[in-house]
Amino acid sequence: MTTPTLDLPNAFQPETVEAEMYRFWESHALFRPESQPAVPAEKQTQAGSNRFSLVIPPPNVTGTLHMGHALDYTIQDILTRWHRMRGDKTLWMPGCDHAGIATQSVVERALWDGRLEGQPAKTSRHDLGKEAFLNLVWQWADARKVDIINQFKRLGISPDWDRLRFTLDDGLSQAVREAFVTLYERGLIYQGQRIVNWCPQLRSAISDVETIYQEEDSFLWHIAYPLTEAVEGFPSALTVATTRPETMFGDVAVAVHPEDGRYQALIGKTVRLPLTDRFIPIIADESVEMDFGTGCLKITPAHDANDFEVGQRHGLQPVWCLDEDARLVKDDAVVPRSLQGVNRFEARQQVEALLEEAGLLVEKKPHTHRVGHCQRTGDVIEPFLSTQWFVNTQPLAQEALAALERGEIRFIPERWTKEYLRWMTHIQDWCISRQLWWGHAIPAWTCADCGHGPIVSRENPHTCPVCGSTHLQQDPDVLDTWFSSGLWPFSTMGWPNTQAPDYQTFYEHAHESADSPQSTYGTDVLVTGFDIIFFWVARMTMFGHAFTGRSPFHTVFIHGLIRDEKGQKMSKSKGNVMDPVQSIEKYGCDGFRFALTSLIAYGGQDIKISDDKLEQGKLFANKLWNASRFVLMNLYQADPSALKKLSPEAIIPETLSLMDRWILSRYHQTVAEANRLLEGFRFGELAQTLMDFTWNDFCDWYVEYAKKQLREPEMAFNTRCVLLTVLDGLLRLLHPIMPYITEALWQKLPNRSELSISISTYPVANPSYVQPELSQQVEFAIQTIRAIRNIRQEYTVAHATPVPVVVECPDSNEQAALREAEAIIQHFVRLSSLQVVAHLEVPIAQAGINVVGQSRVFIPLEGLIDVTAERQRLEKKQLELKKEQQKLYQMMDNHEFLQQAPAAIVEKNKARLTEVNHQLKGLEAQLESLSA
RNA sequence: GGGCGAUUGGCUCAGUGGUAGAGCACUUCCUUCACACGGAAGGGGUCACAAGUUCGAAUCUUGUAUCGCCCACCA
C-alpha cells in the first residue's frame with residue numbers, strides 16, 4: 001500500500017476509475033473463488049454458509065447488451081459480491097448460449113446481404129454447404145462472444161471469466177449427448193409423427209413455447225360439400241365452416257357430433273370434396289361442437305392438431321396439401337393444377353374465388369381467432385404433420401413437482417410458484433428437433449442399407465447391428481437450443497463428470513449449512529425474468545432432477561421486465577430502446593447500477609426506467625464522493641502520526657458526544673437492516689435504506705455537526721475516528737451495488753492494519769487448473785517463504801493463480817509493511833522462477849461486509865430518545881399485548897375450545913400466550929428504565 | 001373462458017395491521033471553506049369504490065370498476 005493521496009476532484013468522474021478498478025479486480029483474480037481468502041472466524045456471519053454459487057442466464061451470442069441484462073446481472077452481481085464479502089466461497093459462472101435459430105438466421109441474413117467478409121452477396125447457406133456455412137457461423141460467434149463479454153464488463157459485474165462456458169463447448173456438448181441418450185434409454189425421448197408448429201420461413205419445427213398466439217380478424221368461410229347421394233329430407237350439400245379454406249385439399253372427412261340430431265341420417269354417407277373429384281366420408285366424432293358454425297367440421301389431419309387426433313381415432317390416412325414452404329403441393333391427386341405451388345395466403349383468396357365461381361361458397365362471416373406466430377421470425381405458424389423427436393415431459397415434470405412440494409425450491413415473489421405449477425401440471429411433450437444446421441447434432445443414426453434405426457448412442461456407431469453395414473447416416477437435425485440450456489446449472493460445472501472439482505465444490509455441495517447437511521439442490525439462486533420460466537426454469541428443474549437427482553437451485557428470484565418511462569416494452573421498432581452502455585457513459589456505472597437497484601420492487605413489478613431516475617443515481621454517487629472527500633480531507637489534516645492511530649478501535653467511548661453516539665447507533669442499525677434486506681432479496685428497499693442513511697443521517701446531520709466538533713481540540717480525535725468508522729462501513733455496505741466508486745474511495749482510507757499481497761503469476765494457467773509443475777513451484781515458494789516470514793492466512797494453489805497472501809503488518813507501519821511485501825515477492829520470484837506481478841492494495845471485497853459487533857464501543861441510546869413519545873409508544877404496545885393476553889386466557893378457560901379445536905391450534909395459542917407474557921415483562925422493564 | 005397483477009400527493013413509484021413516505025416537480029430563502037450534481041424551510045394525498053373483520057385497515061376478507069399481463073385445440 002502506498003500512502004493514499006488526495007487528488008480527489010470535487011465531482012465524481014466515473015470514467016477515471018471504472019477501467020482502472022476493473023483491471024485491479026482482474027489482476028487480483030478477485031472473481032475467482034480460489035483467490036478468496038478465508039475470512040477470520042470473528043468476521044464470519046452466523047447466517048452465512050460457506051459456499052455460494054449461481055450461474056448466469058447465458059446471453060445469446062447474437063445479442064447485444066440491453067437493459068434486461070443490465071438489471072439481471074446487476075442483481076446477481078450484488079448477491080455475488082455480498083456473499084463474497086461475507087466470506088462465502090463464491091462462484092458466479094458466466095457463459096453464452098449458441099442460440100440455434102437466432103444465430104443461424106442472423107448469419108444467414110448477413111451472408112445474403114453480403115456483410116460477411118470474403119463472401120459475395122446473395123449467397124445462401126445451401127450454396128455454401130453445411131460445413132462451410134458452419135465454419136462461418138463459428139467465426140462469427142467467436143467474434144461476437146468477445147464483443148458481448150466486453151459489453152458485460154462495462155456493468156462492473158464479477159463472474160469468474162476464466163470459467164466462461166459456451167453451450168457448444170466440447171464439455172457441454174458431451175453433457176447434451178449424455179442427457180439425450182440417457183433419456184432415450186429411459187424411454188423419455190422418442191421419435192414420432194405428430195402435429196408440430198412449423199415455421200415455413202425457417203423450414204423447421206419449433207416448440208409450443210416458441211409459438212406466440214395473437215388475436216386476429218379473419219373470416220369464417222361456409223363451404224358446401226355436395227352429397228354424393230340424395231338423402232330424403234336433407235339438402236343436396238353439407239355446409240362446413242372453416243377459417244382455413246386453403247387446407248381443404250387435405251380434407252379426408254367431414255365430421256359431425258354423434259348426437260347431433262340434424263345430421264344423424266348422414267353419418268356414413270359420402271361427400272365430394274369441392275374443386276376436386278375426391279370423395280370423403282361423413283363421420284361422427286365427439287370433439288365436434290354442435291353450436292359452432294354449422295356443426296360440421298372438415299377433417300384435415302396433416303394440418304391441424306385436433307383433426308389429426310380425429311383422423312387417428314377413425315383410421316384415416318392424412319393427406320398433405322401444403323409443403324414445407326407452406327405452398328400447395330404439386331400433386332395432381334391432391335391439388336388442382338392451377339393452384340399448385342401457390343403460397344398459402346394467395347391460395348386462400350384463389351380458393352375463395354373458385355368456390356364462389358362454382359357456387360359452393362355459402363357465406364363469408366367476419367371472425368376473430370388466435371393465430372400462432374413464430375417467436376423468432378414472426379411468420380404465421382403452420383400446424384404441420386411431421387416426424388420429429390420429442391421429450392416425454394410428464395414423468396420429468398412429476399419429479400420436479402414433487403421437489404416443489406417438498407419445499408426444495410421456492411420462487412420469489414411467491415406467486416410465480418402457481419404459474420410454474422400450472423404449466424408443469426399441464427405440460428405437453430416437447431418437440432426438440434429442429435431442421436437447422438447450427439446446434440447440437442442428434443446422436444441418432446439410421447442404416448443406409450437395411451434402414452435399421454434409430455441407433456442412439458453415446459459413441460459414434462460404425463456398423464449397423466442388424467446388417468453390419470458401415471453406411472450409417474446421422475440424423476440431419478439439431479436439438480432445440482433450450483435443450484442444452486436446460487442442463488446449464490450442472491453442465492457448466494463439469495457434469496456428467498460428477499467428480500469434477502467444480503461439480504463437487506459448487507454444485508453438489510453448494511450449501512453446507514447446519515440444518516441441511518445433505519444438500520438437495522445444486523447451485524443457490526437463479527435470477528431471471530418471468531418471460532423464461534417455461535422456456536428455461538422449468539426445463540432446468542426437470543433435467544436437474546432427472547440427471548443429478550436434485551433441484552438445480554433452491555431459490556428462483558424473478559424480477560420484472562424493464563420498460564420505458566411510459567410503461568411500454570422496449571423494442572427496436574418503437575425506437576424506445578435505451579442502450580445500457582450509453583447510460584453508463586452518461587451517468588456512470590455506479591449511478592446507473594444504483595438507480596436500477598432502487599427501482600426493483602419486491603413484488604417483481606415491471607420497471608419503468610427513465611433518464612430522470614438514472615440522473616438520481618448519478619447524483620447519489622456524486623454525493624457519496626463528496627462526503628468521502630470531506631471525511632478524507634479532514635482525516636488527512638491530522639498530523640501523520642495521529643493519522644496512523646485513527647481507527648474504529650481507537651474510539652474513546654467515554655468522550656463520545658451525543659451526536660457521535662447517535663450516528664454510530666444509526667450506522668449499526670443500517671448494517672443490520674442492509675443484511676436483512678439482502679437476505680430477503682429486497683433490493684429496492686436496500687438502495688433506499690442506504691441512500692437515506694448516507695444522505696439524510698450521515699451527510700445532512702453528522703457531517704455538518706462534525707465540522708463543529710473538529711474545531712474543538714478535545715473532540716477532534718473521536719470525531720475523526722467516528723467519521724472513519726462510518727465511512728468505512730458505508731462504503732462496504734454500498735460496494736455490492738456501487739462497486740467502482742466504493743473501491744476507489746476505500747483504497748484511500750488510511751490505516752489498513754494488515755496488508756494483502758496478491759501475487760499473480762504470468763502467463764496465467766488456463767481456466768480452471770494450474771499446470772502441475774506450476775502448482776508445485778508455487779507451493780514450494782510459498783512454503784519456503786512461510787518458513788522465514790510471518791505469513792498469516794490460508795492460501796490456495798491447487799486450482800488457481802494468483803495466490804493471496806496476507807502479511808502481518810507490524811505497528812500499522814506502512815513503510816515496514818511495504819518492505820516486508822517486497823521481500824516476500826523477491827523471495828517468491830527467486831524460488832519459483834516465475835514472473836510476478838504484485839498488487840499491494842487490499843480489495844474492498846475482501847474486507848467483509850458484516851461489521852455488526854465489530855466496534856468495541858457500546859452505543860447507549862439514552863438522551864436521544866424523546867422520552868414522552870417513547871413512553872406513549874410502549875404503553876400503547878403494552879395495552880395491545882394485554883388485550884391479546886386476555887383473549888388468550890379466555891380461550892384457555894374455554895373447555896369447548898380446548899376439546900374441539902385441533903391440537904395444533906391449541907398448542908399455537910399456548911405458545912403465543914407464553915410469548916405475550918414474555919414480551920409484557922420486557923415492556924415493563926423498559927418502562928421502568930425510562931422512568932429512571 | 002380461466003388465472004394473475006396493478007389502482008397511494010401534479011408525475012414516477014416504495015410501503016402488507018399501529019400517527020400516510022421517497023425522488024422529481026412546485027414555493028421561499030442561502031453561492032458559508034465536501035458537494036449548486038448542493039443546503040435550509042414549506043405547500044400538496046379522505047391510499048380506485050363499497051361492505052365486512054379489528055381497539056385500530058393503504059395493508060386482512062368479500063364484492064364492484066378501470067387498466068395490464070399470462071394461459072386455453074371451438075374449426
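FYI, side chains are in, hydrogens and waters are out, and symmetry mates aren't considered; it's all heavy atoms of this structure. Chain A is the first sequence line, chain B the second, and so forth, proteins listed ahead of strands; every chain is numbered from 1.
- Of the candidate nucleotides B:U16, B:C24, B:A72, B:A72 has the atom nearest to the side chain of A:R370.
- Side-chain N/O atoms of A:D697 and A:Y667 include no donor and acceptor closer than 3.5 Å.
- For the pair A:D611 CG and B:C11 C1', the computed distance is 15 Å after rounding to whole Å.
- Nucleic acid contact class of A:V703 (heavy atoms, under 4.0 Å, all strands): base.
- If you take CD of A:Q214 and P of B:C69, they are 12 Å apart, rounded to a whole angstrom.
- With A:W416 as reference, A:F530 is the one residue of A:F411, A:F530, A:F534 to meet the ring pair (Phe, Tyr, Trp, His ring centres under 6.0 Å) rule.
- The side chain of A:W695 places an N or O atom within less than 4.0 Å of a non-bridging phosphate oxygen (OP1 or OP2) of B:G39.
- Atom P of nucleotide B:G15 and atom CG of A:L677 are separated by 11 Å, given to the nearest angstrom.
- Between A:T211 and A:N197, the shortest heavy-atom distance links the atoms OG1-CG, 3.3 Å.
- When distances are taken from the side chain of A:F292 to each of B:A34, B:A22, B:C74, the shortest belongs to B:C74.
- Phosphate proximity of B:C73 to A:H369: absent, as no side-chain N or O sits under 4.0 Å from OP1 or OP2.
- Atom P of B:C70 sits at a distance of 41 Å from the matching atom of B:U54, rounded to the whole Å.
- Contact of A:R244 with B:A75 (side chain to base): no donor-acceptor pair of N or O atoms is detected under 3.5 Å.
- A 3.5 Å limit on both hydrogen-bonding distances identifies no Watson-Crick or G-U partner for B:A20.
- When rounded to the nearest whole Å, the span between CG of A:L8 and C1' of B:C33 equals 16 Å.
- Across B:G23 and B:A14, the matching C1' atoms stand 10 Å from one another, rounded to whole Å.
- Comparing B:G44 with B:G21, their C1' atoms are spaced 14 Å from each other, to the whole Å.
- Spacing between B:A20 and B:C13 at atom C1', rounded to whole Å, works out to 15 Å.
- With salt bridges taken as basic N to acidic carboxylate O contacts below 4.0 Å, one links A:R676 and A:E673.
- Between the CG atom of A:L599 and the P atom of B:G15 there is a distance of 12 Å, given to the nearest Å.
- You won't find any donor-acceptor pair under 3.5 Å spanning the side chain of A:E685 and the base of B:A22, going by distance alone.
- With C1' as the reference atom, B:A51 and B:A57 are 13 Å apart, rounded to whole Å.
- Judged by distance alone with a 3.5 Å cut-off, no donor-acceptor contact links the side chain of A:K618 to the base of B:C37.
- The CD-C1' distance, from A:E673 to B:A14, rounds to 14 Å in whole Å.
- Taking atom CD1 of A:I600 as the reference point, atom C1' of B:G15 lies 17 Å away to the nearest angstrom.
- Judged purely by distance below 3.5 Å, without hydrogens or angles, the side chains of A:W746 and A:D728 pair a donor atom with an acceptor atom.
- Considering only the side chain of A:L619, B:C37 comes nearest among B:C24, B:A34, B:C37.
- With hydrogens and angles left out, the side-chain atoms of A:T300 and A:K298 include a donor and acceptor closer than 3.5 Å.
- Atom name P, nucleotides B:G5 and B:A75: the rounded distance is 29 Å, in whole Å.
- Contact annotation for A:A305: no contact, since no heavy-atom pair falls under 4.0 Å across all strands.
- The nearest whole Å value for the distance from the CH2 atom in A:W423 to the C1' atom in B:C4 is 18 Å.
- Distance from the side chain of A:N626 is smallest to B:A34 among B:A75, B:C37, B:A34.
- Proximity of A:K623 to the phosphate of B:G39: a side-chain N or O atom is located under 4.0 Å from OP1 or OP2.
- Closest to the A:K608 side chain, of the nucleotides B:C70, B:U12, B:A34, is B:U12.
- There is no side-chain donor-acceptor pair under 3.5 Å between A:S218 and A:E216.
- Using a 4.0 Å heavy-atom distance criterion, A:W221 is classed as making no nucleic acid contact.
- Candidate nucleotides B:U12, B:C37, B:C4 were compared by shortest atom distance to the side chain of A:K613, and B:U12 ranks first.
- The aromatic rings of A:F683 and A:F681 stand perpendicular to each other, their planes meeting at an angle above 60°, with 30° marking the opposite boundary.
- Atom name P, nucleotides B:G2 and B:C55: the rounded distance is 37 Å, in whole Å.
- Pairing for B:U61 is with B:A51, a Watson-Crick or G-U wobble pair whose two hydrogen-bonding atom distances lie under 3.5 Å.
- Here the nucleotide nearest the side chain of A:F534, chosen from B:A75, B:C37, B:C71, is B:C71.
- Closest to the side chain of A:R422, from the set B:C71, B:G5, B:A34, is B:C71.
- The same atom, C1', is picked in B:G45 and in B:A58; the two are 11 Å apart, to the nearest Å.
- Residue A:N622 has its side chain nearest to B:C37 when only B:C74, B:C37, B:U16 are considered.
- Nearest nucleotide to the A:R415 side chain, out of B:C4, B:C73, B:U16: B:C4.
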